[in-house]
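Just below is one structure, and these are the notes that go with it.
Keep in mind it's a predicted model, so treat the numbers as computed, not measured. So you know, we letter chains A, B, ... as the sequences are listed, proteins then strands, and number each from 1.
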Amino acid sequence: MTDLCGIELEHPIVNASGTWDAIAALRAFGDDVIERFPFAAFVSKTITLQPRQGNPPPRLWETAAGLINSIGLPNKGLAGYLEHDLPVLARLPVPLIVNVMGFTRDEVATLVEAVAERDEVAGLELNVSCPNVESGLIMGADPRETAALVERVRPLTAKPLIVKLTPNATDPPAVAEAAQAAGADAVSLVNTLRGMALHPRTGEPWLGAGTGGVSGPAIRAIALAQVAQVAERVSVPVVGMGGVETGAHARALLRAGATAVAVGTESFRDPRAGARVAEELGQLLRKERVSAAT
Amino acid sequence: MTDLCGIELEHPIVNASGTWDAIAALRAFGDDVIERFPFAAFVSKTITLQPRQGNPPPRLWETAAGLINSIGLPNKGLAGYLEHDLPVLARLPVPLIVNVMGFTRDEVATLVEAVAERDEVAGLELNVSCPNVESGLIMGADPRETAALVERVRPLTAKPLIVKLTPNATDPPAVAEAAQAAGADAVSLVNTLRGMALHPRTGEPWLGAGTGGVSGPAIRAIALAQVAQVAERVSVPVVGMGGVETGAHARALLRAGATAVAVGTESFRDPRAGARVAEELGQLLRKERVSAAT
Amino acid sequence: MNRTLAPFERRTGTVEAVEGLGAYRRLRCTDPGGPAPRPGQFYMVALAERWGAGDDERPYLPRAFSYLRWADGTLEFLLEDVGPGTHRLAEARPGEPIHLLGPLGAGFAPVREDRRPLLVGGGIGIVPLLPLRAEMEGGVLLGFRDAEHAVAADLFDDPTVCTDDGSTGHHGLVTELLDDRLDEPVEVYACGPPAMLEAVRLMTGERGVPAQLALESGMACGFGACFGCVVPTRDGYVRVCVDGPVLEAAGLEAVPAH
Amino acid sequence: MNRTLAPFERRTGTVEAVEGLGAYRRLRCTDPGGPAPRPGQFYMVALAERWGAGDDERPYLPRAFSYLRWADGTLEFLLEDVGPGTHRLAEARPGEPIHLLGPLGAGFAPVREDRRPLLVGGGIGIVPLLPLRAEMEGGVLLGFRDAEHAVAADLFDDPTVCTDDGSTGHHGLVTELLDDRLDEPVEVYACGPPAMLEAVRLMTGERGVPAQLALESGMACGFGACFGCVVPTRDGYVRVCVDGPVLEAAGLEAVPAH
Ligand SMILES: Cc1cc2nc3c(=O)[nH]c(=O)nc-3n(C[C@H](O)[C@H](O)[C@H](O)COP(=O)(O)OP(=O)(O)OC[C@H]3O[C@@H](n4cnc5c(N)ncnc54)[C@H](O)[C@@H]3O)c2cc1C
Ligand SMILES: Cc1cc2nc3c(=O)[nH]c(=O)nc-3n(C[C@H](O)[C@H](O)[C@H](O)COP(=O)(O)OP(=O)(O)OC[C@H]3O[C@@H](n4cnc5c(N)ncnc54)[C@H](O)[C@@H]3O)c2cc1C
Ligand SMILES: Cc1cc2nc3c(=O)[nH]c(=O)nc-3n(C[C@H](O)[C@H](O)[C@H](O)COP(=O)(O)O)c2cc1C
Ligand SMILES: Cc1cc2nc3c(=O)[nH]c(=O)nc-3n(C[C@H](O)[C@H](O)[C@H](O)COP(=O)(O)O)c2cc1C
Ligand code: FES
Ligand code: FES
């Protein structure tokens with residue numbers, strides 16, 4: 001049993017937001033998805049106040065041991081999510097964590113309030129990797145911006161608030177400290193690193209949005225360093241992620257100070273990667289206990 | 001011919017600082033190194049005012065499509081470099097760019113003045129990826145710090161000053177703009193991304209220094225994005241680097257706005273990688289000219 | 001029903017044979033416990049070992065492939081070597097373990113009342129038409145670059161074949177052959193390169209002929225998780241992997257070039 | 001002279017054979033245009049294709065290997081499969097292109113006046129001793145984990161062999177055998193695991209016996225470019241790849257465990 005700021009998890013492995021769509025999986029795999037759900041909690045893809053179509057394709061580029069994506073947060077918007085998705089997600093056998101993002105503090109506040117009041121929701125994750133359209137600053141890259149945001153929404157709910165940090169920042173530990181001081185119950189990292197690729201023939205940017213975010217094994221060592229530095233500086237639990245493919249990778253993040261570990265891109269290669277990583281991690285931890293005892 | 005802020009290059013490919021030691025190469029390969037030098041300019045490893053032993057081993061960790069290093073800038077110090085290394089490096093058939101780093105602005109000033117006055121030196125590269133021991137800030141992560149440093153040393157020499165940016169920053173383009181405004185003749189990027197690895201058995205940090213810097217293909221897409229963003233914001237030439245293994249990778253950085261391209265970790269796999277990349281790049285550019293003409 | 005649910009498991013089969021078929025490679029492997037797919041569905045495929053270390057250290061993600069044949073416990077794919085993933089698969093050795101996820105997506109729908117199916121394939125796009133042809137009578141028009149690629153047409157019985165260079169069959173584009181048939185009461189089932197499918201979409205649209213297009217798109221996951229494979233439709237972007245790959249031409253805004 | 005200069009070129013040979021030798025694998029390849037190396041020198045080796053995509057998507061960098069034999073145009077290596085790089089090489093197929101850089105580093109120095117060479121090897125560390133033995137008469141003490149590893153001792157003529165588990169030869173550590181010989185006027189030439197070399201360093205130091213140790217160290221480049229392979233000596237860190245791999249025991253602060 002893992003306690004993630006009050007959210008009870010069967011094991012420490014959850015999905016990374018935006019890398020697993022339980023509703024689409026039900027269409028592809030049927031109810032097995034519910035009976036054999038691979039994660040200890042389900043983190044929904046980022047929802048915004050208004051519906052979003054997302055970025056123009058192409059949205060994907062495969063890079064060395066990694067993926068660049070420019071999905072652009074397509075989603076049904078708050079109302080659509082609450083009406084259509086939430087009832088289906090309530091069928092999942094695990095706690096539901098809803099990831100939200102807004103372009104102003106008020107927007108985030110509206111989202112947090114409306115989502116938190118729903119009983120199906122165990123906790124919220126704030127995606128602060130986007131610019132504040134008022135200040136122009138990336139909310140999650142600036143400690144003051146992050147603090148102001150968390151202070152604004154903290155009073156709106158007693159449910160766990162997880163702040164998801166961006167790695168595209170000079171000092172993620174400072175941002176994490178600011179989030180904690182402002183009342184965040186946990187922090188999660190890393191989000192994707194800004195990346196780019198050019199069309200092999202035309203030389204123009206390949207991705208419809210020009211640039212995207214890098215994920216997968218290519219960022220594993222960078223993620224581990226940031227998780228370790230953040231965990232050293234905050235006392236709230238840390239959800240570590242970035243390139244996790246095996247139980248050993250998850251173990252490394254736990255050693256670095258993470259309480260839970262999220263599996264993202266690896267799920268694209270294996271839809272049940274979460275369950276496999278959890279299994280491998282469990283075996284590693286048992287082995288360690290045995291050799292420690294003897 | 002490539003003109004890098006006044007430094008004439010036979011082709012656009014140079015070495016990345018700290019990834020090619022011409023003096024050691026002479027010991028391993030003999031004078032062929034001089035007769036068939038693989039780069040259009042030689043960029044020396046960072047030198048500091050005082051001699052440095054560097055970090056305790058282990059200093060290397062191989063990660064997915066990349067390398068993490070914690071070398072720690074071992075060098076003979078300014079005096080040792082000028083007395084022992086410079087005379088040997090003067091034998092190289094290409095322009096010499098000396099990379100320097102200091103822990104205070106005065107230290108950097110001393111280095112720049114002493115190095116720039118030597119005729120063997122064609123230009124200087126300022127490694128600003130380290131903390132200013134006075135302000136505690138990473139010089140190259142903060143636009144004001146960078147501007148203050150460049151303003152301090154700019155008057156000391158008429159020779160080209162290249163500021164090497166760190167990717168571990170929220171807004172590298174802002175730092176580049178500040179460097180340009182303060183009188184930098186060019187900027188180079190990216191340096192390594194902060195990364196970490198744990199010992200496979202003990203779980204303790206593998207690297208003697210705890211963390212290190214990630215280089216190689218794993219950071220290629222991240223480097224390309226930063227080079228493109230910086231090149232868009234500054235008018236001075238940009239030296240692009242990060243994971244370059246082939247002429248196509250160099251071509252992408254040139255398209256993104258770079259004037260020259262540095263080859264780093266790939267030289268560890270092939271000591272003449274620079275010459276190969278230059279050759280492949282030349283073929284690509286010729287092909288493009290032909291198909292453009294027809 | 002045009003969608004067989006995939007087992008919720010990336011399963012591991014064994015490569016049995018990889019042989020050339022004209023310009024293409026045919027890969028046969030075991031599919032332990034895999035259900036019978038529907039024509040137009042696809043699989044996400046990756047070799048279990050040494051998947052990577054090709055050009056630019058790729059492939060990393062699995063690749064999407066329509067199935068050429070499925071017979072209890074055995075799958076066949078037809079591959080065109082266009083990059084590191086298909087190259088690695090084209091070099092697979094018998095006995096190698098191979099990861100399979102699928103069948104995925106929505107296949108072709110039954111033909112409409114009072115219409116005869118007309119199957120139109122271009123290049124490697126002929127693949128999903130073979131299992132479809134086994135289920136419905138109807139004409140088959142196949143276009144290829146040249147005779148070497150057209151060898152794959154032998155998989156079909158009496159198809160009408162054309163090549164861009166005239167090295168075999170009619171000299172010209174398959175869409176030219178299609179044009180002559182659009183006055184008949186047909187329903188078009190097409191798969192091929194984007195340019196061909198876009199032409200089919202426009203032609204059938206003008207002539208009011210229903211058409212089902214099996215699209216391709218760069219995919220990371222194949223089961224709706226990444227939102228990366230979208231194409232623009234009249235009601236916004238849809239995911240080719242779960243809402244397609246077979247989509248009604250009438251619903252599409254365009255067939256994207258990528 | 002204990003250092004042959006390497007051609008300034010990563011050259012590409014061809015794998016001719018890979019066979020088992022007890023617990024180890026022996027790889028033979030062509031070495032087009034490579035010069036004769038000196039005992040104790042090494043090569044940076046990587047297969048030209050599919051170098052990567054093993055555990056954790058590795059290997060990425062080439063790996064360092066002493067040479068077991070060199071005869072005009074042909075190189076032999078002995079490998080212990082301990083990770084993705086050695087694993088890939090152990091699986092190499094005849095005909096595969098293989099990248100070679102070398103010979104690199106400084107090999108063993110001639111024996112001192114009035115001293116007889118005593119060669120001491122542990123495990124895979126016996127490799128550089130074979131070409132050395134061909135150049136100098138003297139005793140050979142070899143230690144292995146067990147009989148399966150000790151098979152490699154057959155490469156030498158009449159070595160004294162011991163195993164940790166006593167499954168063949170003397171039961172015990174090679175350093176115990178060495179201890180009995182240190183009163184003789186010998187010069188020790190040793191290569192093996194860090195713990196063994198550290199023991200040799202301390203023993204020979206106490207008894208005032210000169211010893212040359214062939215060290216290992218994690219390497220990225222092998223030609224002094226990365227400063228990654230350093231070991232601590234009495235005059236600071238030195239690079240094993242250019243100042244070594246053979247270093248005088250007396251000059252070392254310690255033989256690092258990594
Ligand atoms: C539903 C479906 C069914 C398919 N059925 C078949 C089939 O039956 N047979 C068959 O041969 N193919 C089929 N394909 C196509 C097949 O999936 C692609 O050819 C394959 O994924 C190419 O992978 P690759 O690594 O070989 O080449 P890649 O290089 O990955 O892809 C080739 C193309 O992708 C683009 N590209 C180049 N580099 C990158 C990069 N780094 N990241 C992303 N894109 C890049 C370029 O446009 C290039 O032309 C199908 C695709 C789909 C979606
Ligand atoms: C001069 C010299 C001569 C040598 N001669 C021989 C020889 O003749 N025969 C022979 O078999 N070997 C020889 N070696 C050792 C050989 O180079 C290593 O065994 C090889 O590099 C291991 O690579 P790997 O990928 O197989 O395993 P790796 O996993 O790279 O290395 C195994 C060890 O390295 C560490 N390690 C684990 N993961 C990593 C990582 N990601 N990055 C860095 N280190 C890691 C661990 O301690 C592990 O036990 C020699 C080494 C040197 C320096
Ligand atoms: C295709 C894709 C879509 C993503 N969408 C979101 C998202 O909607 N919200 C979010 O907070 N993170 C999103 N992420 C980031 C992941 O949650 C995760 O932080 C990142 O991918 C690193 O983990 P990984 O290397 O295991 O994939 C997305 C990542 C990918 C690859
Ligand atoms: C082993 C190693 C040592 C390095 N030493 C230096 C250095 O002394 N000074 C410096 O400015 N950059 C140094 N770098 C960074 C490189 O110059 C380059 O910015 C980085 O490696 C990215 O390029 P690459 O991916 O092609 O290696 C070093 C990199 C490596 C791998
Ligand atoms: S391929 Fe991931 S959603 Fe379609
Ligand atoms: S291995 Fe690079 S300096 Fe020795």
Side-chain angles (χ1 to χ4, degrees), chain B residues 15 18-38 45 51-75 197 199-200 206 208 212 215-218 264-273 275-276, chain D residues 3-12 35 41 44-46 48 51-63 82-85 99 101-106 217-233 235-243 254 256-258:
Chain B
N15 68 296
T19 64
W20 223 88
D21 180 339
I23 295 171
L26 282 164
R27 291 172 63 197
F29 306 116
D31 281 348
D32 249 30
V33 168
I34 291 169
E35 280 139 40
R36 303 170 57 224
F37 197 69
K45 186 166 175 62
R52 288 169 59 90
Q53 276 292 321
N55 292 330
R59 294 176 168 185
L60 301 171
W61 177 264
E62 186 181 72
T63 182
L67 172 68
I68 318 179
N69 83 83
S70 63
I71 306 302
L73 308 178
N75 76 98
H199 191 295
W206 171 267
S215 63
T265 305
E266 179 64 3
S267 291
F268 301 161
R269 310 203 311 165
D270 174 3
R272 307 198 75 255
R276 177 174 47 79
Chain D
R3 186 197 298 266
T4 297
L5 292 183
F8 185 38
E9 199 81 67
R10 178 184 70 179
R11 55 199 185 275
T12 304
Q41 286 193 289
M44 295 301 284
V45 180
W51 190 250
D55 287 0
D56 292 348
E57 298 81 29
R58 301 168 52 220
Y60 160 60
L61 297 160
R63 300 300 195 244
V82 299
H99 288 317
L101 183 72
L104 296 165
S217 175
M219 292 186 174
C221 70
F223 59 95
C226 74
F227 280 82
C229 62
V230 297
V231 292
T233 71
D235 20 277
Y237 292 125
V238 304
R239 287 168 286 182
V240 170
C241 68
V242 282
D243 299 314
H258 291 107

Does any heavy atom of chain B fall under 4.5 Å from the side chain of [X], the backbone, both, or neither of them?
X: D:Ala220; value: both
X: D:Arg11; value: neither
X: D:Pro59; value: both
X: D:Leu61; value: both
X: D:Asp243; value: both

Quick one: which of [options] has the most heavy-atom pairs under 4.5 Å with chain B, could you say?
options: D:Gly224, D:Cys241, D:Ala225; value: D:Ala225
options: D:Asp56, D:Leu101, D:Leu104; value: D:Leu101
options: D:Ala53, D:Gly222, D:Pro62, D:Cys221; value: D:Cys221

Chain D contacts, top residue of [options] (heavy-atom pairs, under 4.5 Å):
options: B:Asn55, B:Ile23, B:Asn15; result: B:Asn55
options: B:Gly264, B:Pro38, B:Gly66, B:Ala22; result: B:Gly66
options: B:Ser267, B:Ala275, B:Pro217; result: B:Pro217

Q | Stacked cation flag B:Arg36 on B:Phe29, 6.0 angstrom / 45 deg | A | no
(Q) Using 0.5 Å steps for rounding, measure from the CZ atom of D:Phe227 to the CG atom of B:Asp21. (A) 5.0 Å
Q: Run the numbers on B:Arg269 and D:Arg10 for side-chain contact (heavy atoms from CB on, under 4.5 Å), then give the verdict.
A: CA-CA 8 Å; B:Arg269 310 203 311 165; D:Arg10 178 184 70 179; 4.3 Å; yes
Q) In terms of the angle between their ring planes, are B:Trp20 and D:Phe8 parallel, tilted or perpendicular, with boundaries placed at 30° and 60°? A) perpendicular
**Q.** B:Arg52 (side chain) donor-acceptor with B:Gly72 (main chain) under 3.5 angstrom
**A.** yes
Q: Could I get the full list of side-chain contact (heavy atoms from CB on, under 4.5 Å) partners for B:Asp31, not counting sequence neighbours?
A: B:Leu26, B:Ile34, B:Glu35, B:Arg91
**Q.** Intermediate values then yes/no, side-chain contact (heavy atoms from CB on, under 4.5 Å), B:Ile71 and B:Leu60
**A.** CA-CA 8 Å; B:Ile71 306 302; B:Leu60 301 171; 4.2 Å; yes
**Q.** Check: B:Arg59 and B:Ser70 side chains under 4.5 Å, non-hydrogen atoms
**A.** yes
Q | Region of B:Asn69 that comes under 4.5 Å of a non-hydrogen atom in chain D | A | neither
